[in-house]
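The next block holds one structure in the form of structure tokens; read it before the comments.
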Amino acid sequence: MTGPVPRFGDVWTIKHSLVLPPEPRLIVSADDFNEEFHVVLTARIKDVDLPEDELTEPIRGYGAALLYMVEWLPRTSLHELVAAVPASRHELLGRRVRVPFGP
């Protein structure tokens with residue numbers, strides 16, 4: 001993959017096909033991991049207005065990241081960097097990512 005390396009808290013789109021629109025995903029794998037390997041851990045983002053809780057992360061303009069719905073994806077499936085969670089929320093986001101899966 002050329003271009004920027006995905007970072008924790010970034011929102012990238014992925015393309016499934018020529019017919020479906022790009023789907024936003026929140027990168028939840030660690031920066032060290034993202035630089036080293038050819039896969040990233042992503043959380044699905046749904047275009048819904050959910051109340052903020054320990055299993056979701058609001059993504060301005062996109063809806064809510066469902067932190068219990070994660071998926072490994074090859075970095076080559078990332079299409080475009082479109083947004084990011086503010087750095088001031090990274091610590092809280094990291095704690096929320098671990099809630100459904102443990103420490």
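Worth saying up front: this structure is predicted, and the values here are computed from it rather than measured.
- One finds no salt bridge joining Arg95 and Glu54 here, because no Lys/Arg side-chain nitrogen approaches an Asp/Glu carboxylate oxygen to under 4.0 Å.
- Using a 4.5 Å cut-off on side-chain heavy atoms (C-beta onward), Val40 and Leu78 make contact.
- The shortest side-chain heavy-atom distance between Trp12 and Ile27 falls under the 4.5 Å cut-off.
- Listed by chain and number, the residues in a ring pair (Phe, Tyr, Trp, His ring centres under 6.0 Å) with Phe33 are Phe37, Trp72 (sequence neighbours excluded).
- When every heavy atom of Ser29 is checked against every heavy atom of Phe8, the shortest pair comes out as O-CB, 3.6 Å.
- Side-chain contact check for Ile45 versus Arg25: every heavy-atom pair is 4.5 Å or farther apart.
- Without hydrogens or angle criteria, His38 side chain to Thr76 main chain gives no donor-acceptor distance under 3.5 Å.
- Residues Leu66 and Leu55 form no side-chain contact, since every pair of their non-hydrogen atoms from C-beta on lies 4.5 Å or further apart.
- With Arg96 contributing its side chain and Thr56 its backbone, the two residues share a donor-acceptor pair below 3.5 Å.
- Of all heavy-atom pairs between Val70 and Leu67, the closest is CG1-O, 3.6 Å.
- A distance of 9.5 Å separates CG in Leu26 from CG in Leu41, rounded to the nearest 0.5 Å.
- In the hydrophobic cluster analysis, where Ile, Leu, Val, Met, Phe, Trp and Tyr join through side-chain heavy atoms closer than 4.5 angstrom, Leu92 is grouped apart from Val99.
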(request) Please report the C-alpha distance between Ile59 and Val85 in whole Å, then the side-chain angles of each, then the deciding distance to 0.1 Å, and finally whether the side-chain contact (heavy atoms from CB on, under 4.5 Å) criterion is met. (result) CA-CA 7 Å; Ile59 306 295; Val85 172; 3.7 Å; yes
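- Between the side chain of Thr13 and the backbone N or O of Glu80 there is at least one donor-acceptor pair closer than 3.5 Å.
- Look at Glu23 and Lys15 and you find no salt bridge, because none of the NZ, NE, NH1 or NH2 atoms lies under 4.0 Å from a carboxylate O.
- Across all their heavy atoms, Pro74 and Ser77 have their closest contact at O-OG, 2.7 Å.
- Of the possible donor and acceptor atoms, one in the side chain of Asn34 sits under 3.5 Å from a partner among the backbone N and O of Pro6.
- Under the 4.5 Å side-chain criterion, counting only non-hydrogen atoms from C-beta, His79 is not in contact with Pro24.
- Taking 4.0 Å as the cut-off between side-chain N and carboxylate O, Arg75 and Glu35 do not count as a salt-bridged pair.
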